[in-house]
Asks: 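The structure under discussion is supplied below as structure tokens; questions concerning it will follow.
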Amino acid sequence: TDIKTLEEFKLPKEQKIKIPEIAKKIQWIKANGTLNGYYHDFMANATIKSAIGDLYFNNLYFNKKEEELSYKGEFAISELYINKLVDYKDIGKISANGKIIGDKNNIDSAVINISSVVYKNNNISNIKITGDYHHKQFSFSFVSGDPNLKTAINAMIDINSFEKAYTIVANIDTLNL
């Protein structure tokens, strides 16, 4: 389906679908898979292909009840051209996979494995990002084994108090970008 077709689709009372500008940059999508449930409680297994890259969701679960919200699932991104989606030309295509588990107030676990990303025309690979967010404290780890970016960064950011607290420990062996 292309953007023009979606924008021309007529809803009840002669209303039309308004497509956000960022979505127009995707140009077209082709989706295949299953979506079981309702808008507030569903499980998705899907492949979404577009002009700027592909997304895959496996056992993506979303549940919203009253004031509660929970989500979990696995995803993959294949050759997604970030620079065609946002106005930041230094980043090119990215391929990655990951898992996330969380609720309305917390991210219990997030893991992203970046198999490749183009930054300033350099292909960088072998990056792992892990993190969580609890009680207004965000902690994460960024580890890269790429020959041009050998680094390990661990951080904790506490936004509970008036004066925010940041703890960052970085070991940068190689930075050649």
Side-chain angles (χ1 to χ4, degrees), residues 1-3 5-6 17 19-37 39-64 69-104 106-133 138-155 157 170 172 174-177:
T1 303
D2 62 29
I3 297 297
T5 302
L6 287 174
I17 297 172
I19 307 294
E21 288 304 313
I22 195 166
K24 290 180 181 179
K25 294 178 181 181
I26 296 169
Q27 298 173 24
W28 58 265
I29 61 170
K30 181 178 180 182
N32 186 21
T34 59
L35 177 65
N36 296 319
Y39 72 94
H40 64 280
D41 182 14
F42 66 84
M43 172 75 76
N45 290 289
T47 298
I48 301 171
K49 296 184 177 277
S50 77
I52 63 167
D54 303 334
L55 303 171
Y56 306 90
F57 299 104
N58 186 30
N59 296 326
L60 179 65
Y61 175 73
F62 176 86
N63 185 315
K64 178 160 181 8
L69 169 70
S70 61
Y71 52 88
K72 67 179 178 178
E74 299 176 9
F75 65 90
I77 301 167
S78 179
E79 298 190 354
L80 179 66
Y81 284 84
I82 299 291
N83 57 354
K84 292 183 180 179
L85 193 58
V86 296
D87 190 26
Y88 188 70
K89 302 303 176 201
D90 288 343
I91 295 182
K93 67 181 177 179
I94 183 171
S95 293
N97 65 62
K99 291 182 180 183
I100 190 164
I101 301 171
D103 61 38
K104 179 180 176 183
N106 302 298
I107 299 173
D108 293 327
S109 173
V111 177
I112 302 171
N113 295 298
I114 300 174
S115 54
S116 69
V117 61
V118 174
Y119 179 73
K120 292 187 175 182
N121 295 320
N122 295 302
N123 190 39
I124 304 165
S125 60
N126 194 21
I127 298 172
K128 184 173 186 175
I129 303 168
T130 59
D132 60 62
Y133 179 81
F138 176 62
S139 62
F140 74 91
S141 172
F142 177 99
V143 178
S144 172
D146 186 89
N148 290 315
L149 180 63
K150 288 186 182 178
T151 187
I153 301 170
N154 294 295
I157 301 169
I172 301 172
T174 305
L175 181 59
N176 186 18
L177 302 175

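Just so we're clear, the structure is a prediction, and the values are computed from it rather than from any experiment. Just so you know, these numbers use all the heavy atoms, side chains as well, and skip hydrogens, waters and symmetry mates.
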Asks: Where do Tyr56 and Asn58 land on the side chain to side chain donor-acceptor pair (under 3.5 Å) test, with the steps shown first?
Replies: CA-CA 7 Å; Tyr56 306 90; Asn58 186 30; over 6 Å; no
Asks: Do Ser70 and Asn63 meet the criterion of a side-chain donor-acceptor pair at a distance under 3.5 Å?
Replies: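 Short answer, no.
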Asks: What are the two closest heavy atoms between Tyr71 and Asn106, and how far apart are they?
Replies: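 For Tyr71 versus Asn106, the nearest heavy atoms are OH-O, 3.5 Å.
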Asks: I need the Ser144 OG to Asn126 CG distance, nearest 0.5 Å.
Replies: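 Answer for the OG-CG pair, Ser144 versus Asn126, is 6.5 Å.
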Asks: Got Asp90 and Tyr119 here, is their nearest side-chain heavy-atom distance under 4.5 Å?
Replies: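 In short, these two side chains touch, coming nearer than 4.5 Å.
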Asks: As an exercise, state the distance from NZ of Lys89 to CG of Asp87, rounded to the nearest 0.5 Å.
Replies: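 These two atoms lie 5.0 Å from each other.
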Asks: If you measure from CD1 on Ile124 to CG on Leu149, what distance do you get to the nearest 0.5 Å?
Replies: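 Result: 5.5 Å between the selected atoms.
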Asks: NZ/Lys128 to CG/Asn113 distance, rounded to the nearest 0.5 angstrom?
Replies: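 Here the interatomic distance stands at 5.5 Å.
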Asks: Are the side chains of Lys93 and Val118 in touch, meaning some heavy atoms are under 4.5 Å apart?
Replies: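 Yes, close enough: below the 4.5 Å cut-off.
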Asks: Would you call Asp132 and Ser109 a side-chain contact if the rule is heavy atoms closer than 4.5 Å?
Replies: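 Contact flag for Asp132/Ser109 side chains = no.
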Asks: Applying side-chain contact (heavy atoms from CB on, under 4.5 Å) to Thr151 and Phe142, what does each step give before you reach the verdict?
Replies: CA-CA 8 Å; Thr151 187; Phe142 177 99; 3.7 Å; yes
Asks: In the structure I gave you, are the side-chain heavy atoms of Lys49 and Ile29 within less than 4.5 Å of one another anywhere?
Replies: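 A side-chain contact under 4.5 Å is absent here.
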Asks: Measure the shortest side-chain to side-chain distance between Asp103 and Leu69 over non-hydrogen atoms and say whether it is less than 4.5 angstrom.
Replies: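 They are not in side-chain contact.
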Asks: Rounded to the nearest 0.5 Å, what separation is found between the CG atom of Leu80 and the OG atom of Ser50?
Replies: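 The distance works out to 6.5 Å.
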Asks: Could you tell me if Asn32 and Thr47 have a donor-acceptor pair between their side chains, going purely by distance under 3.5 Å?
Replies: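 No.
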Asks: Go through the steps to decide whether Leu85 and Ile22 satisfy the test side-chain contact (heavy atoms from CB on, under 4.5 Å), and finish with yes or no.
Replies: CA-CA 6 Å; Leu85 193 58; Ile22 195 166; 3.7 Å; yes
Asks: What's the separation between atom CG in Asn176 and atom CG in Asn122, rounded to the nearest 0.5 Å?
Replies: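 The distance works out to 7.0 Å.
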Asks: Less than 6.0 angstrom separating the ring centers of Phe42 and Phe62, yes or no?
Replies: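 Yes, the ring of Phe42 comes within the 6.0 Å limit of the ring of Phe62, centre to centre.
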Asks: Considering non-hydrogen atoms only, spot the tightest contact between Thr174 and Pro147 and give its length.
Replies: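 Smallest interatomic distance, heavy atoms only, reads CG2-O, 3.3 Å.
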Asks: Compare all side-chain heavy atoms of Asn45 with those of Leu60 and state whether any distance is below 4.5 angstrom.
Replies: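 No - every pair of side-chain heavy atoms lies 4.5 Å or more apart.
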Asks: Carefully, step by step, assess Glu21 and Ile19 under the rule side-chain contact (heavy atoms from CB on, under 4.5 Å).
Replies: CA-CA 6 Å; Glu21 288 304 313; Ile19 307 294; over 6 Å; no
Asks: Do other residues, nucleotides or ligands put more than 12 heavy atoms under 6.0 Å from the NZ atom of Lys64?
Replies: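 Atom NZ in Lys64 is packed in, count exceeds 12.
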Asks: Let's go through Ser115 and Ser125 carefully: what are the C-alpha distance in whole Å and the side-chain angles of both, what is the deciding distance for side-chain contact (heavy atoms from CB on, under 4.5 Å) to 0.1 Å, and is it a yes or a no?
Replies: CA-CA 5 Å; Ser115 54; Ser125 60; 6.0 Å; no
Asks: Please report the closest heavy-atom contact between Ile77 and Ile94, naming both atoms and the distance.
Replies: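 Of all heavy-atom pairs spanning Ile77 and Ile94, the closest is CG2-O, 3.7 Å.
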Asks: Nearest heavy-atom pair of Lys72 and Ile101: which atoms, and what distance?
Replies: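 Answer, listing the atom of Lys72 first, then Ile101: CB-CG1, 3.9 Å.
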Asks: If I compare all heavy atoms of Ala96 with all of Ile114, which pair ends up nearest, and what's the gap?
Replies: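 Of all heavy-atom pairs spanning Ala96 and Ile114, the closest is CB-CA, 3.9 Å.
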Asks: Side chains of Asn83 and Ile91: does their closest heavy-atom pair fall under 4.5 Å?
Replies: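 Not touching, per the 4.5 Å side-chain cut-off.
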Asks: Taking the ring of Phe138 and the ring of Phe140, is the distance between their centroids below 6.0 Å?
Replies: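 Yes: the rings meet the under 6.0 Å criterion.
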Asks: Please answer whether the main-chain N or O of Glu79 pairs with a side-chain N or O of Ser95 as donor and acceptor at a distance below 3.5 Å.
Replies: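 Flag set: sc Ser95 to bb Glu79 pair under 3.5 Å.
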Asks: To check you understand the geometry: which heavy-atom pair defines the closest contact between Asn123 and Asp146, and what is its length?
Replies: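 The answer is O-OD1, 3.9 Å.
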Asks: When you look at NZ of Lys99, are more than 12 heavy atoms from neighbouring residues, nucleotides or ligands closer to it than 6.0 Å?
Replies: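 Check fails, neighbour count at 12 or below.
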